[in-house]
Protein chains: 2
Amino acid sequence: MTVTLADVAARAQVSPATVSRVLNGNYPVAAATRERVLRAVDDLDYVLNGPASALAAATSDLVGILVNDIADPFFGIMASAVQSEIGGPGGRAGGERLAVVCNTGGSPERELTYLTLLQRQRAAAVVLTGGAVEDAEHAAAVAGKLRRLADAGSRVVLCGRPPAPGTDAVALTFDNRGGGRRITEHLISLGHRRIGYIAGPQERTTTRHRLEGHREALAAHGVEDDPALTVHGRYDRRSGHDGTVELLRRDPSLTAVVAANDTVAIGACAALRGAGLRIPDDVSVAGFDDLPFSGDAVPALTTVRLPLYEAGARAGRVAMGKEEPPPGDVATVRGELVVRKSTGVPR
Amino acid sequence: MTVTLADVAARAQVSPATVSRVLNGNYPVAAATRERVLRAVDDLDYVLNGPASALAAATSDLVGILVNDIADPFFGIMASAVQSEIGGPGGRAGGERLAVVCNTGGSPERELTYLTLLQRQRAAAVVLTGGAVEDAEHAAAVAGKLRRLADAGSRVVLCGRPPAPGTDAVALTFDNRGGGRRITEHLISLGHRRIGYIAGPQERTTTRHRLEGHREALAAHGVEDDPALTVHGRYDRRSGHDGTVELLRRDPSLTAVVAANDTVAIGACAALRGAGLRIPDDVSVAGFDDLPFSGDAVPALTTVRLPLYEAGARAGRVAMGKEEPPPGDVATVRGELVVRKSTGVPR
DNA sequence: CTGTTAGCGCGTTCAA
DNA sequence: TTGAACGCGCTAACAG
């Protein structure tokens, strides 16, 4: 039915072992023989059987990339960067590796499910992107999975995610706290004192770190941290809209809104506009991440730029063993304040 | 080292076959025995060996999803929809299927490479999203790959892509031509006569179909189709910006711009604003797709809504055999005109 | 309902 | 430099 290695061997008049060797290029093979084999492969339209190969070699060409939301460019950009680094030569049997982007939807259970699936597939490497869920039990379960993946030979890299204690996974962490601090400092320096904050989901590390940075800035400049000025929601536009409506209800005198990320900020802008407020004349708005659309928003969004592509690419290289892990297996990636048109002096 | 099926069998005091049976749930097993096996699996922290399983069963739990650009929500939305339908029960060994999102970057070579990789992995199904490249040689190569995938037992579904002649792949096609016609008719009905068109890459089906719809509308209403009013570019913001600058240079009197998609439209808006023109007072702008940000743009974008999520979900179900393929294996998915604030009567 | 027996297709020793 | 033989871990008949 389907053509196998043996068929190729027969046609090239060599042994199956020889065919395997030319395909993997791991052993010396006479040039003439290799020619013959390659021709047979071509003639027969032979495609290596991945599972069989992986079984025999006890490793596969799969590289898993876990993302919270594949429809969100924040993750899409990192995923495409990781993927750009894992292709090319270096893989077994033909040189190409298969990037497997897994969409967890932010669900802890699905995260674990996918890690199991990748372990089952004997993935060559696994890259986890985005913040982690702050739940002791889940964190322990993830750590266990990561440890077992590593034991089985998979390289594990965290991208934009804090280190996982109890594992030796390499972590490229975003400096969310520092970014959060800088964006709020920017607003304070403009003269804002009543600053609303629309945070992400309560239990995520990214949410907490950005919020902590915000509070650090308030404290450092002696600005009151009114709990009523912080609301939580998801990392989407809707949350920005609804959160802003709520903040405005609680304190109509606020002069600035900091959003958990750019998508949330866009929703905030919509809500402010809906309330008849001008940006930044009446209320300033700040985001986080600097996604592609942020510069095109009207007004262009002041935000913290995270080098998503660069971080993803580095994670990919580390996962492939093409780059040394950072000292201590942890690197912090800073975000840069980008001041545009959505922030100004308070009215 | 790693625990195998045999280890589980030994601990549960049953044969390996029985363990396999409870794991796959394909054969009747006594409740007591199943209990015992499941406990042993748990005790030993056993994880099925995917490659071995796939080798023996001659099929895998992998489902491939090909996308042109994973960082583009257009594809992200479809991919997440496909993926939402392929999980759950029905897969082998534990019920979960692994969605493999493959990023071709729009490159024909990578498209072929990924198809080979998926064939190599004996993927259970493959979903190709987005337009096809219009190159006879490449089309033939893809058709050949798809045929071989189907022969090997993979189900092949095209989502938002025209049928592939010479294959029996199911196609859920977007009515790009009809959408293109409706958006331009909308502008004509508002009174526009000098309408610029920023098309996508020359050689893609999506580009051609949308453009043809545009021209049909012009012809149907006796509006001159000036070749100078059409420019080509990529499906990104930059192309929208640059294309608009060029169109403005060629004809400063144009009153409307139709963009290849919403992302391009956003770029067009930025360029118009940069030229000191108001939208829609001076120039109307229309997009295509209705991505999440389109309603939040300022002004909110008039566009053609494509039911990306629904189409992706349907493709996923068909790929899983959960839904019957449409009659003739081809279904056309219509886009709906969404009139918002970016279009108005010409100045 | 369960155990026994063969492979699935390939990589990798060990000899030659 | 090449071939022969074995086994990777699992599933799918076939018995019982």
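Between A:Thr18 and D:dG3, a side-chain N or O to OP1/OP2 separation shorter than 4.0 Å is present. Phosphate contact (OP1/OP2 of D:dA12, side-chain N/O of B:Ser20, threshold under 4.0 Å): absent. One finds no side-chain N or O of A:Ser53 lying less than 4.0 angstrom from the OP1 or OP2 phosphate oxygen of C:dC10.
One donor-acceptor pair, N or O on each side, does fall under 3.5 Å between the base of D:dG3 and the side chain of A:Arg21.
Nearer the 5' end of DNA chain C, as judged by each residue's closest nucleotide, is the contact made by B:Arg36, out of A:Tyr46 and B:Arg36. If you find the closest nucleotide of DNA chain D to A:Ala17 and to A:Pro28, the one lying nearer the 5' end belongs to A:Pro28. Toward the 5′ end of DNA chain D lies the nearest nucleotide of B:Pro51, the other residue of the pair B:Tyr27 and B:Pro51 mapping further downstream. Between B:Thr33 and B:Ala56, it is B:Thr33 whose nearest contact on DNA chain C lies nearer the 5' terminus.
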For this session: Evaluate the salt bridge (charged side-chain N to carboxylate O under 4.0 Å, His left out) criterion for residues B:Glu111 and B:Arg161: first the C-alpha distance (whole Å), next the side-chain angles of each, then the deciding distance (0.1 Å), finally the verdict.
Result: CA-CA 14 Å; B:Glu111 182 167 273; B:Arg161 196 175 163 115; 3.4 Å; yes

Problem set entry | Trace of the side chain to side chain contact (heavy atoms under 4.5 Å, CB included) decision for B:Arg36 with B:Val14 | CA-CA 9 Å; B:Arg36 211 138 34 86; B:Val14 295; 4.0 Å; yes

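Regarding A:Asn26, its CG atom lies at a distance of 16 Å from the C1' atom of D:dT2, rounded to whole Å. Distance CG (B:Leu44) to P (D:dG9): 14 Å, rounded to an integer number of Å. Note: CD (B:Gln13) to P (C:dG3) measures 10 Å, nearest angstrom. Atom-to-atom, CG of A:Asn24 to P of C:dG9 comes out at 17 Å; the value is rounded to the nearest Å. Rounded to whole Å, the distance from CG on A:Asp7 to C1' on C:dG9 is 11 Å. Between the CD atom of B:Glu35 and the P atom of C:dC1 there is a distance of 15 Å, given to the nearest Å. Atom CZ of B:Arg34 and atom P of C:dC1 are 10 Å apart (whole Å). C:dT5 atom C1' lies 16 Å from atom CG of B:Leu5, rounded to whole Å.
Base contact: B:Leu55 has a heavy atom under 4.0 Å from a base atom. Residue contacts for A:Val14: at a heavy-atom cut-off of 4.0 Å it reaches the sugar-phosphate backbone alone, with no base atom in range.
Minimum heavy-atom separation, A:Lys145 to B:Val47: NZ-CG2, 4.5 Å.
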In residues 310-319 of chain B, what donor-acceptor pairs under 3.5 Å come from side-chain atoms, sequence neighbours left out?
{"unit_1": "B:Arg314", "atom_1": "NE", "unit_2": "B:Glu323", "atom_2": "OE2", "d": "3.1"}
{"unit_1": "B:Arg317", "atom_1": "NE", "unit_2": "B:Glu323", "atom_2": "OE1", "d": "2.6"}
{"unit_1": "B:Arg317", "atom_1": "NH1", "unit_2": "B:Glu85", "atom_2": "OE2", "d": "3.3"}
{"unit_1": "B:Arg317", "atom_1": "NH2", "unit_2": "B:Glu323", "atom_2": "OE1", "d": "3.0"}

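In the model, A:Ser15 has a side-chain atom that pairs as donor or acceptor with a side-chain atom of A:Thr18 under 3.5 Å.
Closest to the side chain of A:Ala30, out of C:dG9, D:dG9, D:dT1, is D:dT1. Residue A:Ser15 places its side chain closer to D:dG3 than to any other of D:dT2, D:dG3, D:dT11.
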